[in-house]
Each structure stands twice: as structure tokens, then as C-alpha cells.
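Starting from 1, each residue takes its place in the sequence as its number.
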Amino acid sequence: RIMKTKTLSLDAGAAVLLFASSTIASTNTVISSSSENSVRISSARVVRALGGGSYVTGMTEPSFGYAAPRAAHVHVTVYDANGKLLAEKIDKINGNNLVRWHLRPRPRAPYTVFFPWEPSQIAKATVIEHSGYAYPAS
């Protein structure tokens, strides 16, 4: 009886892991990114959302020599295979996550933007970081 319970829980765990990995699988979407001087895009990817749609998600981090920006945001634009604009959205970046201090020597801040299209329908995504006021780090 104990052996059956362990086998059942391992099978259930494997099924959950397989389901989770299939829902976060990346696509072959071409992603281009650019940043201003104070913050840079350190990663960008398109992932399938549970229940349909996609997320364009990734991380930002301060560029070398700059402190956290006061008002940064990420502008995400997605296109279909014909180059037709599907949508544009903006996600605000929490500037507090970009502050360097001894417990966070390499600060990073995430961004996530939802689109109602499946990853296979998004052929290209552009991610552009815009900052408000950036000031040199002391």
C-alpha cells in the first residue's frame, strides 16, 4: 500500500511538471530589444499563458555607472508573420527593484505584458526600455 501511494504521487508530480513545462515553452519569435542609457533589457522571451494568449516577459537591470531611474517603463510591440502590427502595450518597471545596495549588488526588475495571441501567432516582438530621469551613481 505504501509503495502504491509513492508511485501515484510520483506520477502526479511528473504530470504536473510536464504540464508546467509545456505551458511555459518559448517560441521561435524574433525578439529585438533596445534600451536607453540608465536601464538595459537583460532578457526577453515570449511564453504561453495558461488559459490562452502569451506573455512577453523578461528582466531589466541598471546599466553600468547609473543609479535606478525614477520612472522607467518597457514598451512592447508584437507583429504577425506578415509584419502586421498586432498590439502595443507598456509595463511600468518598479524602480525600487533597480537600487543597488549591499544585499542586492546586481539589481534586476521584471516586466510582463499579456497579449491575447498564442505564441505561434506572434512572429516578432520588440521590447524598448524608456527611462524618465536617470542620474549618475555616486
Side-chain angles (χ1 to χ4, degrees):
R1 183 176 178 192
I2 292 172
M3 184 63 109
K4 285 183 182 180
T5 305
K6 285 184 181 179
T7 304
L8 181 60
S9 65
L10 288 176
D11 290 342
V16 168
L17 181 61
L18 179 62
F19 176 74
S21 65
S22 69
T23 60
I24 61 171
S26 293
T27 65
N28 292 328
T29 302
V30 174
I31 300 175
S32 62
S33 63
S34 65
S35 305
E36 293 184 351
N37 292 332
S38 61
V39 174
R40 71 180 182 90
I41 305 290
S42 62
S43 68
R45 62 190 179 136
V46 177
V47 296
R48 180 174 288 116
L50 291 174
S54 305
Y55 289 104
V56 175
T57 184
M59 289 291 204
T60 61
E61 59 188 32
S63 294
F64 180 76
Y66 282 87
R70 296 193 186 274
H73 62 275
V74 175
H75 183 125
V76 181
T77 310
V78 293
Y79 302 88
D80 69 7
N82 297 322
K84 178 184 170 193
L85 173 68
L86 294 175
E88 302 178 75
K89 291 191 178 182
I90 294 175
D91 189 27
K92 292 182 182 179
I93 298 170
N94 183 348
N96 293 331
N97 291 341
L98 296 173
V99 175
R100 285 187 174 110
W101 58 303
H102 70 284
L103 293 177
R104 196 179 323 144
R106 186 173 174 216
R108 297 183 305 164
Y111 63 89
T112 302
V113 178
F114 175 78
F115 293 100
W117 295 276
E118 291 297 319
S120 61
Q121 295 174 288
I122 299 173
K124 180 181 178 185
T126 60
V127 181
I128 302 172
E129 181 280 324
H130 297 284
S131 297
Y133 175 76
Y135 50 95
S138 50

_Glu118 side, atom CD; Arg48 side, atom CZ - distance, nearest 0.5 Å_ = 6.0 Å

*Atom CG in Leu98, atom CZ in Arg108: separation rounded to 0.5 Å?*
11.0 Å

Quick one: closest heavy-atom pair of [X] and [Y], and the distance?
X	Y	value
Asn97	Pro107	O-CB, 3.3 Å
Thr60	Ser42	N-OG, 4.0 Å
Lys92	His73	CA-CB, 4.0 Å
Gly53	Pro119	O-CD, 4.0 Å
Ser43	Tyr111	O-OH, 2.9 Å
Ile93	Glu129	CD1-CG, 4.4 Å

Please name all residues satisfying side-chain contact (heavy atoms from CB on, under 4.5 Å) with [X], sequence neighbours left out, ordered by chain then number.
X	value
Ser34	Ile128
Leu86	Val78, Asp80, Trp117, Ile122
Ala123	Ala81

*So which residues get pulled into Leu85's cluster when ILVMFWY side chains under 4.5 Å apart are joined, directly or through others?*
Tyr79

*asked:* If hydrophobic residues (ILVMFWY) are linked whenever their side-chain heavy atoms come closer than 4.5 Å, directly or via other members, who joins Met59 in its cluster?
replied: none

_Sequence neighbours excluded, every pair satisfying ring pair (Phe, Tyr, Trp, His ring centres under 6.0 Å) that has a member inside residues 43-62_ = Tyr55-Phe114

_The criterion is side-chain hydrogen bond (donor to acceptor under 3.5 Å, both in side chains); which residues satisfy it with Gln121, sequence neighbours excluded?_
none

*Got a sec, which residues hit side-chain hydrogen bond (donor to acceptor under 3.5 Å, both in side chains) with Thr112, two or more places apart in sequence or on another chain?*
Thr57

